[in-house]
Amino acid sequence: MAQLLDGAGKLGWVLLKSVIRFLFMLCNNCVAIPSYCLYLLLLQPLRIWDSPTFWYIEGVMFKWMLAMVSSWGWIAGYTVTEWGDDVRPISEEEAMVIVNHQSTGDVCTLMMCLQDKGMALQKMMWLMDHVFKYTNFGLVSLIHGDFFIRQGKAYRDKQLVYLKDHLEKYYHNRDRKWIVLFPEGGFLRKRRETSQLFAKKHSLPHLNHVTLPRLGATQVILKTLCAQQENGSVGSETGTSNKTGNKRKGLQWVVDVTIAYPKARPMDIQTWIFGYRPPTITHVHYRMYPIKEVPVEAEALTDWLYQRFVEKEELLNHFYAKGSFPPQDGQKDVASRPMILDPVWLCVVQSIAFASGYAWYSVLQYLYCCLF
């Protein structure tokens with residue numbers, strides 16, 4: 001009986017905590033998202049007069065929005081430990097980030113672990129499944145210029161054309177530096193069986209923790225944002241200029257990100273919202289490749305991408321067996337580093353959001369009273 005009461009008490013506490021978290025996040029969204037939109041509406045004259053400054057300010061606010069999402073997980077004890085290369089030194093250079101995809105929580109994890117990577121987040125473009133467009137954050141991502149890609153054979157060719165047009169229209173125009181995509185084209189649990197059947201049919205490696213990546217979006221990004229050389233590789237300058245007239249170097253790096261969850265149990269967005277899972281450390285491994293090492297022609301790029309995901313499979317096999325990623329080539333010891341979010345900074349961002357929400361409510365209420 002005592003155990004039953006104890007279990008009921010714990011369940012009651014989890015439910016109460018989940019309700020409190022949900023109400024807080026509802027309020028957070030209700031003040032932050034309208035404030036973001038209204039600030040940008042107010043700054044439209046600046047967009048015409050000085051577009052680079054407008055998009056810089058928008059990027060700062062966008063990073064703050066992602067910091068709020070990060071704080072939801074941080075408060076619940078969901079943290080990140082990083083392994084492999086340190087990507088902070090290249091945060092000012094242009095990079096394509098390829099990530100394995102297990103659940104909706106992958107996006108939240110990236111929002112958290114990239115907070116301390118300089119200006120990468122505020123100058124980042126995301127490629128996400130079109131369903132994210134209909135979430136609470138969809139409007140913010142649309143304004144920021146992210147691309148929502150529709151999956152399925154019926155849409156594939158058209159989506160790649162739309163992606164190329166989108167990159168040409170928004171990437172340089174808004175001074176973006178990093179672009180994030182999930183080459184697997186869907187969640188692991190949904191694509192694993194199909195991927196394994198495809199691999200068996202074509203004598204490709206059998207993968208359990210990742211799926212074989214799709215070529216389309218990766219190739220479009222490389223061909224659009226890099227200068228192609230005669231040998232089929234990509235060059236170091238695109239020849240395009242940004243709004244300030246400075247010549248852009250184009251993509252300089254491919255950052256290969258591997259996300260691992262304890263016991264191979266991915267966290268989804270519901271976990272971040274309700275916080276019902278005990279404190280969890282998500283592990284993120286980085287590996288950087290100079291863009292000159294990346295082929296762009298279809299066959300060579302396919303082989304290169306497959307090799308990256310075979311490496312991801314090996315990394316994840318090692319992690320799930322031993323609880324850590326293996327040391328990098330040429331190193332004997334493996335070192336990890338906790339990604340630390342400053343709680344004072346998170347409190348400041350949240351305070352600005354709620355203060356802005358109150359200020360805009362007061363302004364709109366005053367205008368309504370004056371007009372009506």
Side-chain angles (χ1 to χ4, degrees), residues 83-84 96-110 126-132 148-160 163 180-222 254-271 280 282-287 289 294-326:
W83 306 73
M96 178 177 70
V97 183
I98 57 175
V99 192
N100 63 313
H101 207 10
Q102 301 180 62
S103 70
T104 50
D106 298 337
V107 175
C108 301
T109 298
L110 289 174
W126 298 72
L127 267 66
M128 295 180 285
D129 191 280
H130 80 286
V131 297
F132 281 96
F148 298 94
I149 193 164
R150 201 176 184 91
Q151 306 293 341
K153 292 183 180 180
Y155 308 100
R156 193 169 298 162
D157 292 338
K158 285 186 177 181
Q159 288 298 299
L160 295 179
L163 173 59
V180 179
L181 72 155
F182 301 91
E184 292 164 291
F187 298 139
L188 174 64
R189 68 179 186 276
K190 293 182 177 180
R191 290 209 60 241
R192 178 159 41 200
E193 184 177 353
T194 303
S195 174
Q196 289 174 346
L197 290 173
F198 180 86
K200 184 178 181 180
K201 182 179 179 180
H202 294 87
S203 301
L204 294 168
H206 182 85
L207 306 174
N208 289 310
H209 302 303
V210 295
T211 63
L212 291 171
R214 292 170 174 169
L215 176 68
T218 305
Q219 188 177 38
V220 168
I221 291 169
L222 290 173
V254 172
V255 180
D256 186 5
V257 177
T258 303
I259 300 176
Y261 296 96
K263 299 180 181 180
R265 291 180 57 217
M267 288 205 301
D268 51 27
I269 188 66
Q270 296 95 317
T271 307
T280 302
T282 302
H283 298 261
V284 179
H285 184 278
Y286 303 96
R287 183 171 288 172
Y289 297 92
V294 183
V296 75
E297 293 305 321
E299 185 176 349
L301 179 57
T302 299
D303 292 340
W304 188 88
L305 267 180
Y306 281 177
Q307 184 57 39
R308 300 291 74 76
F309 277 78
V310 169
E311 290 173 0
K312 286 179 180 291
E313 179 77 10
E314 294 170 353
L315 286 171
L316 291 169
N317 279 332
H318 190 283
F319 178 84
Y320 293 135
K322 299 185 178 181
S324 65
F325 286 111

In terms of heavy-atom contacts, Asn208 and Arg192 come closest through O-NH1, 2.6 Å

Residues pairing under ring pair (Phe, Tyr, Trp, His ring centres under 6.0 Å) where one sits in residues 297-317, two or more places apart or in two chains, turn out to be Tyr289-Trp304

Side-chain donor-acceptor contacts of residues 212-221 below 3.5 Å, not counting sequence neighbours, with atom names and distances?
| unit_1 | atom_1 | unit_2 | atom_2 | d |
| --- | --- | --- | --- | --- |
| Arg214 | NH1 | Gln151 | OE1 | 3.4 |
| Gln219 | NE2 | Val296 | O | 3.0 |

Partner of Val180 under side chain to side chain contact (heavy atoms under 4.5 Å, CB included), picked from Ile98, Val99, Val255, is Val99

Minimal heavy-atom distance between Val210 and Leu207, with the atoms involved, is O-CB, 3.3 Å

For His285, the ring-ring contact (aromatic ring centres under 6.0 Å, His included) test, sequence neighbours excluded, returns Phe325

Handout entry: Mutual orientation of the aromatic rings belonging to Phe319 and His283 [parallel < 30°, tilted 30-60°, perpendicular > 60°]
Key = tilted

Closest non-hydrogen atoms of Ala264 and Tyr320, given as atom of the first, atom of the second and distance, are N-CE2, 3.4 Å

What one should report as the nearest heavy-atom pair of Arg191 and Thr211 is NH1-OG1, 3.0 Å

With sequence neighbours left out, the residues meeting salt bridge (charged side-chain N to carboxylate O under 4.0 Å, His left out) with Glu311 are Arg287, Arg308

Sequence neighbours excluded, the answer for ring-ring contact (aromatic ring centres under 6.0 Å, His included) partners of His202 is Phe198

Residue set satisfying side-chain contact (heavy atoms from CB on, under 4.5 Å) with Arg265, at least two apart, ordered chain then number -> Lys263, Arg277

When every non-hydrogen atom of Met96 is compared with those of Leu222, the smallest separation belongs to CE-CD2, 3.9 Å

Separation between CD (Gln102) and CG (Leu316), nearest 0.5 Å, reads 6.5 Å

Give a yes-or-no answer on whether the side chains of Thr271 and Asp268 include a donor-acceptor pair shorter than 3.5 Å. yes

